Structure formats: structure tokens, C-alpha cells
Amino acid sequence: MGRDKDSIGPAEARRLLEERAREAGFDLVGVTRAEPLGEGGERLRAWQEAGMAADMGFMHRPVELLANPKKLQKSARSVVSLGVSYYPGEHPENLGGGGRVARYAWGRDYHEVIKARLFRLREELEEDLGTRIKARGFTDAVPLLERSAAQRAGLGFFGRNSCLIDGDIGSYFFIADLVVDLALEPDEPGTGTCGRCTRCMDRCPTGAIKAPGVVDARLCISYLTIENSGEIPRELRPKVGDWAFGCDVCQEVCPYNKAKATESRWPEFSGESGAGPYLEMEEVLGIRTDEEFGERFAGTPLTRPGRAGLLRNCCVAAGNLRSKEAVPALEGCLREDTSALVRGHAAWALGEIGGSEEALRGAAEREADGWCLGEIRQALADASAGAAPGAAPGAAPDASLG
Ligand code: B12
Ligand code: SF4
Ligand code: SF4
């Protein structure tokens, strides 16, 4: 392990990296120098200044930090960008009235799964090259513009939906990074184009793609159902459709995915390994404690919004589906859930579905939380007006149901 790093040829090291990364199951491998991400940084600054980062504290960090790999590791010389397909297949039809889960979250928690392989990859490189490698390995976790670094490392091009697209496997892939103190021969930046296509912008249910490559998180269903810890704004709820965790619409409509999406070779990302494509509403809406929630979703990405956040999402999805089957569970939430966020969204859902006026009146008498009381009163007003706002009872929700 004592070999001098400067005696290792960047081309030789790059070749070994390719070999080992492919063996480890990564579909895409690229390298860029550990230098500031100029254009990415400028785009990030404009995005932050426009308020599009919403309340994601980690995205309000200084641009100089998020756009410079050397801030992660002073001695960094290269950024290794890796892509791994998580595509678990097509979404089955929602015949059971479930809460839809975005594909990247059907299986095990990708942070843990990928990190383990990244560290193994580093160890193998160390053995092959006979030197210790100082490295930071991560995916979707550390302050670095991963798409920008990956584009510079040749993994793909920026789609109008802002996702990184590879001409061969589409965009359903995670990006993982190894920032290393090793000189590796860099790749050419990724190229490609959307041509005249604007499908993702036209079909985004909430109009969140404000300009090519610019997503306003405040409107994005992925943000609203995962990172957002507060209410889902009333005017956006009907547009969330049956999504209970994340959203794939701007990728589903993309011709690159229609033609090229390649099923993941990692069994950990299959629906059988985790929560799968749909949540059973009655079950999730009946989870009353954090312990129970932790046990049910441990090791999957669905722990991210917390118990109240996930129940909030299921309330909205059930309301949009006009799910009569979910009414007892929603009334249970309204009656006994300790979170005002859950009670308030349950009231909204019951107002959308109709027929729960008695339960809503009872809840109005008991409710101490001001925001929640407002939701209950509004649901009662909507019920007595005979029609829910947004859509007539029984009508299909606004967002794509696949
Ligand atoms: C914050 C965040 C979100 C936010 C904001 C998303 C956004 N578009 O900004 C929310 C919660 C909404 C979100 C949603 C999703 N996310 Co997210 N998210 C991130 C995170 C942590 C930071 C992204 C960021 O910096 N946003 C700020 C903007 C300014 O940066 P950007 O999106 O990276 O855009 C850059 C490029 O697109 C480029 N660019 C865009 N257009 C153009 C055009 C040209 C000409 C050029 C030169 C450059 C360019 O400039 C931008 C700045 O570098 C990254 C992980 C990371 N650390 O990078 C994951 C990440 C971007 N997310 C990922 C995924 C999988 C998703 C979802 C698909 C999950 C889901 N199914 O619900 C959705 C996709 C929604 C979408 N259309 O973006 C993957 C994307 C992989 C890929 N192939 O692109 C990442 C990389 C995580 C990972 N390690 O795999 N996410
Ligand atoms: S993830 Fe959904 S809501 Fe967000 S930009 Fe894409 S289509 Fe729009
Ligand atoms: S749907 Fe069309 S515009 Fe959007 S990312 Fe795909 S190719 Fe580009």
C-alpha cells in the first residue's frame, strides 16, 4: 500500500476504475477533475435567488460550497461519477386504489446500498494500485451538485426536466460519487439534446418546470411529498393525483425512457425488496406511532418525510382517488391522530370524498388547532355546497394515474 501516487499513470488508473466499477454493477462510469463547477454554480445561484429551493435548508448553503468538490476534501484531484439504473419496470395499473410510489423508492434505501458498494470499490482500487486513496463517497447526501459533476464526467446531458439523461439507459439512474486524491484521466463532458421535445414541461401536473432545466421545488410533487414538512397547499392538492411519495411524470413521458429505460441489475431496487409501487392506504393511515412507522419502513427511502408526512400524502392521494374504502381509516385519522397535519389533510380528503359530515362536525367540536379547524370547516362547507372544489365527486384526479 506504499506506492507513491504520482507514480501511477492517470490512464492506467482510469482503466482499472472502469473495470472495477463495471464489476461492482455500475452502469455508467466517468471522471472529471476536482475543480469548481462554474456554470452549475451560476444556475444554482439563480435558482436559490428565485426562491425555488423552498425550505430545503441543505440547498440554501453557499454556492461556493455546493459547486466545489475541493470543499469536500482539500486534497481532492478527481471526481468519479457513477450511474446505476434503479428502473424497476413499468408502474402497474392502480387497480387497488393505492398511494403511488416513485420508482426510485420501490426498493431498499439507495443511500445505504450504494455507499456499501462505493467503499468496496475504493478498497479494490487501493489493492490494485497499491496505494491508500483518500476518498469521500456518497450519493444524494453531501453538498455537491451531482448532476453538474456527472455531466462534466460524461455521464449524460441535461434534459429539460433537469434530469441527467444517458443516451443508452435514459434517466432512471442514481448518481453516486467518489471524490478522490488520485489523478485519473478525465472524460469528455456528456452531450445530447432534447431536440424539439417539450413533453415533460407540457405534462408536469403542477407546472413546476418553469424553464428548460429549471424546476421550482415549491411546485414539484417530489418536494411536496418528500422534503416538505408542512401542509400541501390546498390549490396544489388536486394536482398531486395519487402520488404518495415522489413523482415520475416528467421521466415517464420522456422519449429517452420510453425507448431506452433499462431494468436495474441491482435486486435491492426491485419492488419486492421494499415498499413496492403502491402503498396500501388503510394500512398506512392506521400507523399511529413513530415506532410503528419506523418498523414498517425501516431501510427504505420512505422514512424521509416521517410518519406525519407520509400519512399526509396518503390522505391527499385517497382524497384525489375519491376512495370510499379509505373513509374509515381517514375518519380514524381525523378522530385520533396526534398530528394536526394529518388530521387537517384527512378532513380535506373526507370533504373531497363526501358522506362524512357527521365525523367532520364531531371533529370541529373537539379540534384545538387553528389551521386544522379551518380545514375541517372548509371540508364541511364544501360538503354542504354539494361538490368538492377542483373536480366533481367521482371524477378522475388531475394528475396522471399512469
Ligand atoms: C434538491 C434535489 C431535489 C429537489 C429539487 C430538484 C431540482 N430539479 O432542482 C426535488 C425534491 C424537487 C427533487 C426531485 C427529484 N429528484 Co432530486 N435531488 C436534489 C439534489 C439533492 C440537489 C439538486 C440541485 O442541486 N438542485 C438545484 C438545481 C439548480 O440543480 P440541478 O437540478 O442539479 O440542475 C443542474 C443541472 O440540471 C444543470 N442544468 C439544468 N439545465 C441545464 C441546461 C444547460 C444547457 C446546462 C448547461 C446545464 C443545465 O444546472 C443545474 C445546476 O447544476 C440532488 C443530489 C445532488 N446533491 O445533486 C438530487 C437528484 C438531482 N435527485 C434525483 C432524483 C432521482 C429525483 C427525482 C427523480 C425523485 C422522484 N422520482 O421523485 C425527482 C426529479 C424531479 C426533477 N425533475 O428534478 C437524482 C437525479 C438523477 C438524474 N439522473 O438526474 C439526484 C442527482 C440524486 C442522486 N444522487 O441520484 N430533487
Ligand atoms: S417530478 Fe413531477 S411535479 Fe416534479 S417536475 Fe417532474 S413532473 Fe413536475
Ligand atoms: S421529455 Fe423531452 S424535453 Fe423532457 S427531458 Fe425528455 S426529451 Fe427532454
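Bear in mind that the values here come from a model prediction, so they are computed numbers and not experimental data. Both ligands and their constituent atoms are indexed starting at 1 by order of listing.
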Matching residue for Arg3 among Glu126, Glu12, Glu127 - test: salt bridge (charged side-chain N to carboxylate O under 4.0 Å, His left out): Glu12
Under a heavy-atom criterion of less than 4.0 Å, does Arg160 contact ligand 1? no
Distance to 0.1 Å, residue and atom name: give those for the protein heavy atom nearest to atom 2 (Fe) of ligand 3. Cys197 SG, 2.2 Å
Does one side chain, of Asp166 or Tyr172, offer a donor that lies under 3.5 Å from an acceptor on the other? no
Between Ser171 and Gln251: side-chain donor-acceptor atoms closer than 3.5 Å: yes
Is Arg343 positioned over the aromatic face of Trp371, cation under 6.0 angstrom from the ring centre and no more than 45 degrees off axis? no
Atoms of ligand 1 close to Ser148 [distance to a heavy atom under 4.0 angstrom, numbered from 1]: 52 (C), 53 (O)
Could you list the atoms of ligand 1 found under 4.0 angstrom from a heavy atom of Gln251? 68 (C)
Taking a cutoff of less than 4.0 Å between a non-hydrogen atom of the residue and any ligand atom, is Asn257 in contact with ligand 3? no
Between Arg22, Arg20, Arg15, which is the residue that forms a side-chain hydrogen bond (donor to acceptor under 3.5 Å, both in side chains) with Glu18? Arg22
Identity and distance of the protein heavy atom lying nearest atom 3 (S) of ligand 2: Ile221 N, 3.2 Å
Within ligand 1, which atoms have a heavy atom of Thr139 less than 4.0 Å away? 89 (N)
Which residue and atom name correspond to the protein heavy atom nearest atom 8 (Fe) of ligand 2, and how close is it? Cys204 SG, 2.3 Å
Any Asn161 heavy atom less than 4.0 Å to ligand 2: no
Does this structure show an ion pair linking Asp216 with Lys210, if we count only N-O contacts that are shorter than 4.0 Å? no
Arg307 bridged to Asp337 by N-O distance under 4.0 Å: yes
Answer yes if the ring centres of Phe157 and Tyr256 are under 6.0 angstrom apart, and no otherwise. yes
Looking at atom 5 (S) of ligand 3, what's its closest protein heavy atom, distance included? Arg160 N, 3.5 Å
Among all protein heavy atoms, pick out the one at the shortest distance from atom 7 (S) of ligand 2; state its residue, atom name and that distance to 0.1 Å. Cys250 N, 3.3 Å
If you have a sec, work out which protein heavy atom is nearest atom 5 (C) of ligand 1 and how many Å separate them, to one decimal? Trp47 CZ2, 4.0 Å
Indicate yes or no: does Arg117 engage Glu23 in a salt bridge with an N to O separation below 4.0 Å. no
Nearest non-hydrogen protein atom, atom 6 (Fe) of ligand 3: Cys254 SG, 2.4 Å
Under 4.0 Å from a heavy atom of Glu39: which atoms of ligand 1 are those, numbered in the order shown and with their elements? 46 (C), 47 (C)
Identify, for atom 4 (Fe) of ligand 2, the protein heavy atom at the shortest distance, and state residue, atom and that distance. Cys220 SG, 2.4 Å
So the atoms of ligand 3 within less than 4.0 Å of a heavy atom of Ile165 turn out to be 5 (S)
